[in-house]
**Student:** 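Before anything else, here's the structure in question.
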Amino acid sequence: MEQTAHDGVGRAGAAGSEGSPAVSARAVPAPDVRVPTVGEVLVAIEELWPESLAEGWDAVGLVAGRTGNRAAKILFTVDPTAAVLDEALDWGATMIVSHHPLLLKPVSTVAASGFKGEAIHRLIEAGCALVTVHTNGDSAVGGVSDVLADALGLQDVEPLARAADGLPEEGIGRVGDLAEPVPLGEFAETVFSILPAVAGGVRVAGDKDAHVRRIAVCGGAGDSLFDRVRSSHADVYVTADLRHHPASEVREAAADGPPYLIDVSHFGSEWLWLTPAADALGNVLSDQGFTTDIRVSGVNTDPWDFVLTPGH
């Protein structure tokens, strides 16, 4: 297995011309090399990130592809955008593992006249499977929030909201403690330093000199967990996509005390998971005697391109 990780991500170029899927030649494996099928990779994915851990509203699992086809090259990404498909198909990927679903809401057509239909057509025409590992990847041990908590050096970590049908350590979000209290401003700088560079940066609500030690995190959008954050007695909550009214109400109720808020890029908070997830899948497949080439996408799928701030 070849694992390629990226320290940074860059926005890829535009997609190819309409009706001309970017299909690249695939090397034929040597006769003694055991390449897994899509179905065999799905079994490994289920072992790592069981579908039973997905939220009821979510859409996870195989989106496109035949389970009997070979999966010699697997690309991990946060979003299955057109630029990611360009990258994957140019490389000759036979499977894409995406954190975010392409088809979260029901559709009545996959005509190529729409961007989602175009993506499905490109995948099928190229013989590339697409698999979604979303909230099951959030909740599982070693999932998105576990990776974020580990990157921040948290200890004695436990879920913010335990999974109904999972292990005690599985669920949405995590909360744990730093080894020593630090000023909020210094901690925010640590958060900024571990994330990929994106236009939105990191926003903080709270006194930068206030000391924090107990930290709650949730990769992706996490303002539905505010009650859990308060009951966990966290000093600060790190998550993404914080909306004005929920964030304002939390800060008003806190009377300038904790929990303080750190709002980060949705893409950035989940991008951290890709390399450990790719490593984990590669290890499971290798233990089963399979040879695969697994990479992490180098495409920045954060939707924002630039930001204006006072004085700029």
Side-chain angles (χ1 to χ4, degrees), residues 9 38 41-65 67 71 74-82 84-85 88 93 95-107 110 115-116 119-120 123 128-149 159-167 169-174 196 217-225 228 238-241 264-281 284 294 296-297 299-303:
V9 287
V38 169
V41 176
L42 290 175
V43 171
I45 286 174
E46 177 66 16
E47 178 180 332
L48 292 166
W49 310 292
E51 289 194 16
S52 62
L53 292 177
E55 298 294 298
W57 51 263
D58 204 3
V60 301
L62 187 64
V63 179
T67 57
I74 304 172
L75 183 77
F76 273 73
T77 183
V78 174
D79 299 284
T81 63
V84 169
L85 263 61
M95 175 181 279
I96 297 172
V97 178
S98 174
H99 183 55
H100 289 150
L102 176 66
L103 303 175
L104 179 59
K105 297 180 180 180
V107 298
V110 289
F115 73 93
K116 292 189 177 185
I120 293 294
L123 290 164
C128 181
L130 174 64
V131 181
T132 300
V133 178
H134 193 206
T135 51
N136 49 330
D138 291 327
S139 185
V141 173
V144 171
S145 292
D146 265 338
V147 170
L148 186 56
L160 269 176
R162 296 188 187 279
D165 299 316
L167 300 171
E169 59 268 34
E170 292 178 320
I172 301 299
R174 297 291 187 268
V217 301
C218 181
D223 62 14
S224 64
L225 295 176
R228 301 279 186 169
V238 182
T239 190
D241 295 347
V264 301
S265 157
H266 190 129
F267 158 79
S269 68
E270 296 174 330
W271 178 83
L272 291 175
W273 171 75
L274 297 182
T275 295
D279 286 339
L281 180 61
V284 171
I294 304 180
V296 170
S297 172
V299 177
N300 179 351
T301 60
D302 188 277

**Student:** Determine whether V131 and I74 satisfy the following criterion, side chain to side chain contact (heavy atoms under 4.5 Å, CB included), listing intermediate values before the conclusion.
**Tutor:** CA-CA 10 Å; V131 181; I74 304 172; over 6 Å; no
**Student:** List the atom of L62, the atom of A64, and the distance in Å for their closest heavy-atom pair.
**Tutor:** CD1-O, 3.4 Å
**Student:** CG of D58 to OG1 of T135: how many Å apart, nearest 0.5 Å?
**Tutor:** 3.5 Å
**Student:** Within this structure, what is the NE2-CG distance for the pair H134 and L53, rounded to the nearest 0.5 Å?
**Tutor:** 13.5 Å
**Student:** Mind checking what makes salt bridge (Lys or Arg N to Asp or Glu O under 4.0 Å) contact with D79, not counting sequence neighbours?
**Tutor:** none
**Student:** Nearest 0.5 Å please: distance from the CH2 atom of W271 over to the OG1 atom of T301.
**Tutor:** 11.0 Å
**Student:** Grab the two heavy atoms, one from G173 and one from S145, that are nearest each other, plus how far apart they are.
**Tutor:** CA-OG, 3.7 Å
**Student:** Between L274 and S297, is there a side-chain heavy-atom distance shorter than 4.5 Å?
**Tutor:** no
**Student:** Going through the distances and angles, do H266 and H100 end up as a side chain to side chain contact (heavy atoms under 4.5 Å, CB included)?
**Tutor:** CA-CA 11 Å; H266 190 129; H100 289 150; 3.2 Å; yes
**Student:** Looking at V296, is its backbone amide N or carbonyl O close enough to the side chain of T77 to form a donor-acceptor pair, meaning the two atoms are under 3.5 Å apart?
**Tutor:** no
**Student:** I'd like to check I120 versus V63 (side-chain heavy atoms, cut-off strictly below 4.5 Å). Are they in contact?
**Tutor:** yes
**Student:** Do V60 and W49 pass the side chain to side chain contact (heavy atoms under 4.5 Å, CB included) test, and can you show the C-alpha distance, the side-chain angles, and the key distance before you say yes or no?
**Tutor:** CA-CA 10 Å; V60 301; W49 310 292; over 6 Å; no
**Student:** Report the distance from atom CG of L42 to atom CE of M95, rounding to the nearest 0.5 Å.
**Tutor:** 5.0 Å
**Student:** If every non-hydrogen atom of S98 is compared with every non-hydrogen atom of L130, which pair is closest and at what distance?
**Tutor:** CB-CD1, 4.0 Å
**Student:** Okay, side chain of E270, backbone of V144: is any donor-acceptor separation there less than 3.5 Å?
**Tutor:** no
**Student:** Determine whether S265 and D302 satisfy the following criterion, side chain to side chain donor-acceptor pair (under 3.5 Å), listing intermediate values before the conclusion.
**Tutor:** CA-CA 8 Å; S265 157; D302 188 277; 2.8 Å; yes
**Student:** Could you tell me the separation between the SG atom of C218 and the CG atom of L225, rounded to the nearest 0.5 Å?
**Tutor:** 5.0 Å
**Student:** Can you find a pair of side-chain heavy atoms, one from L123 and one from I96, that are under 4.5 Å apart?
**Tutor:** yes
**Student:** Using every non-hydrogen atom in the two residues, find where L281 and A44 come nearest and quote the distance to one decimal.
**Tutor:** CD1-CB, 3.7 Å
**Student:** Taking the side chain as everything from C-beta on, heavy atoms only, tell me whether N300 gets closer than 4.5 Å to P196.
**Tutor:** no
**Student:** Using every non-hydrogen atom in the two residues, find where I294 and A278 come nearest and quote the distance to one decimal.
**Tutor:** CG2-CB, 3.7 Å
**Student:** Among pairs that include at least one residue of residues 130-147, which meet salt bridge (charged side-chain N to carboxylate O under 4.0 Å, His left out), considering only residues two or more places apart or in two chains?
**Tutor:** D146-R174
**Student:** Are any of the side-chain heavy atoms of E55 and I172 separated by less than 4.5 Å?
**Tutor:** yes
**Student:** Name the orientation class of the two ring planes belonging to H99 and W273 (parallel below 30°, tilted from 30 to 60°, perpendicular beyond 60°).
**Tutor:** tilted
**Student:** Are the side chains of E170 and R162 in touch, meaning some heavy atoms are under 4.5 Å apart?
**Tutor:** no
**Student:** T132 vs L102, test: side chain to side chain contact (heavy atoms under 4.5 Å, CB included). Steps then yes/no.
**Tutor:** CA-CA 8 Å; T132 300; L102 176 66; 5.8 Å; no
